[in-house]
Amino acid sequence: MRARELGRKSVVVGDRVSLVGDVSGADGALARIVRIVERRSVLRRTADDDENTAEGRHERVVVANADQLVIVSALADPPPRTGFIDRCLVAAYDAGIEPLLCLTKADLAGPDQVVGYYAELELPYVLVRPDSDLDALRTLLAGRVSVLVGHSGVGKSTLVNRLVPDALRTVGVVSAIGRGRHTSTSAVALRLPRTQDADGDPGWIVDTPGVRSFGLAHVSAESLLHGFPDLVEGTVDCPPNCPHTPDEADCALDAWVATGKADERRLASYRRLLASRSGDADPREPERNPGDPLAGS
Ligand SMILES: Nc1nc2c(ncn2[C@@H]2O[C@H](COP(=O)(O)OP(=O)(O)OP(=O)(O)O)[C@@H](O)[C@H]2O)c(=O)[nH]1
Ligand SMILES: [Mg+2]
């Protein structure tokens, strides 16, 4: 249990803590958490993007001390949403956590569209099918703490059960409208098992409940751009304090994509995030992007 001296400071999954009391782990043993060790990284999300709303100010810490953010997206059922993946990338870069894209349900649809969208980024990715061997993924997870994030029903817990056979994470069904049912309700960290041919630390994996969106009210406008490394160089010719919005006639990003230096859908995604932070638009509505079925978030 938490010691009173911790005050309002909450303990989250991934925290390293100091304990006093009976740490035997025996039935009925009681120990108190008296100190939270300084966090190496903090992955946050907000309920909303707009810091002027109550929801936007409601910031949650998803996990502490993660080294890697595994963005889990199904290739179908539910369909991939690059807007959501872009948000996760912004959160990862903001938190100083390395991103890894994990595309599940590769037995149902091909990865070309999603992978093509990220072609200009050095974004590592893995494909997962029910029968695929997970050695490449295990190698990427070894020696670090990785947190899985993604919409409900994309297969996070299914993957955790395959990686950690004793995990016994409950797995849900995806309904006809392509949404999972939020089967997992809390985050859980699990130690990955040692494999025969690898020595060293196999790492930790954190399964989290599916999220509907990944709000970014806690990320500053400048930091948003760090989630779009393919656009950063294009801002060199912008006027000072350029807001990079579509109505800024001198913003150099329009020329950057017009000359093929980056994908125009990435600029559109960045600008949707900028607009949603100021409360101008709700980019989570996929119907706002009729030309790009992948773009919703
Ligand atoms: N065809 C196919 N189905 C999969 C795959 N991975 C998971 N599923 C199915 O997708 C459904 C949802 O899987 P879960 O593992 O519960 O999804 P989740 O991401 O943990 O969902 P929440 O806990 O709600 O966030 C289950 O019916 C799985 O059997 C896959 O690679 N291919
Ligand atoms: Mg789950």
Side-chain angles (χ1 to χ4, degrees), residues 12-14 43-47 60-63 66 68-89 91-92 97 99-115 124-141 145-193 203-215 284 286 294 296-297:
V12 300
V13 170
L43 179 69
R44 299 167 208 278
R45 75 179 186 94
T46 8
R60 296 164 227 225
V61 174
V62 180
V63 63
Q68 181 163 248
L69 180 67
V70 184
I71 306 165
V72 186
S73 171
L75 289 164
D77 194 24
R81 299 281 185 210
T82 52
F84 177 83
I85 300 171
D86 289 346
R87 283 166 175 274
C88 293
L89 290 174
I97 301 175
L100 168 66
L101 183 58
C102 178
L103 299 169
T104 58
K105 311 201 188 187
D107 51 317
L108 302 181
D112 294 355
Q113 270 188 305
V114 179
V115 171
Y125 71 92
V126 286
L127 295 179
V128 177
R129 280 184 304 269
D131 60 347
S132 58
D133 98 49
L134 299 175
D135 291 351
L137 179 58
R138 278 202 183 88
T139 304
L140 290 164
L141 299 177
V145 178
S146 301
V147 52
L148 304 180
V149 295
H151 286 137
S152 183
V154 296
K156 298 179 292 300
S157 299
T158 303
L159 189 58
V160 166
N161 284 339
R162 290 183 64 198
L163 290 166
V164 188
D166 303 333
L168 303 177
R169 296 291 284 163
T170 311
V171 164
V173 283
V174 176
S175 65
I177 51 168
R179 288 213 182 110
R181 296 181 180 189
H182 297 273
T183 305
S184 305
T185 52
S186 58
V188 174
L190 296 152
R191 194 194 288 277
L192 290 158
W204 286 78
I205 188 120
V206 182
D207 188 14
T208 67
V211 291
R212 273 189 44 223
S213 72
F214 211 104
R284 284 167 295 177
L294 288 185
S297 55

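Just so you know, ligand 1 is whichever comes first in the structure, and atom 1 is the first atom listed for that ligand. Numbers for residues simply follow the sequence, beginning at 1.
Taking 4.0 Å as the cut-off, Gly150 does not count as a neighbour of ligand 1 on heavy-atom distance.
Close approach to Leu108 involves these atoms of ligand 1, each under 4.0 Å from a residue heavy atom: 1 (N). Ligand 1 places these atoms under 4.0 Å from at least one heavy atom of Val154: 17 (O), 19 (O). Each of the following atoms of ligand 1 lies closer than 4.0 Å to a heavy atom of Gly210: 25 (O). For ligand 1 and Pro130, the ligand atoms under 4.0 Å from any heavy atom of the residue are 30 (C), 31 (O), 32 (N).
The Mg ion (ligand 2) lies under 2.8 Å from an N, O or S atom belonging to Ser157.
Between His151 and Phe84, the angle of the ring planes lies from 30° to 60°, which puts this pair in the tilted group.
The backbone N or O of Val72 lies less than 3.5 Å from no partner atom in the side chain of Lys156, so there is not a single donor-acceptor pair. With Thr104 contributing its side chain and Val128 its backbone, the two residues share no donor-acceptor pair below 3.5 Å. The backbone N or O of Leu148 lies less than 3.5 Å from a partner atom in the side chain of Thr208, making a donor-acceptor pair.
Side-chain contact check for Ser132 versus Arg162: some heavy-atom pair is nearer than 4.5 Å. Two residues are said to be in side-chain contact when any heavy atoms from C-beta on lie closer than 4.5 Å; Val149 and Arg45 fail this criterion.
Nearest heavy-atom pair across Ala187 and Val13 is O-CG2, 3.5 Å.
Note that CD1 of Ile71 is 4.0 Å distant from CG of Leu89, once rounded to the nearest 0.5 Å.
Between Ser152 and ligand 1, an N or O atom pair is found at a separation short of 3.5 Å. Distances between N or O atoms of Arg129 and those of ligand 1 include no value under 3.5 Å. Checking only distances, Gly155 does come within under 3.5 Å of ligand 1, N or O to N or O. The shortest N or O to N or O distance between Lys156 and ligand 1 is under 3.5 Å.
The heavy atom nearest to atom 7 (C) of ligand 1, considering only Thr158, Leu75, Thr208, is found in Thr158.
With a 4.0 Å heavy-atom cut-off, ligand 1 is reached by the side chain of Asp107 but not by its N, CA, C or O.
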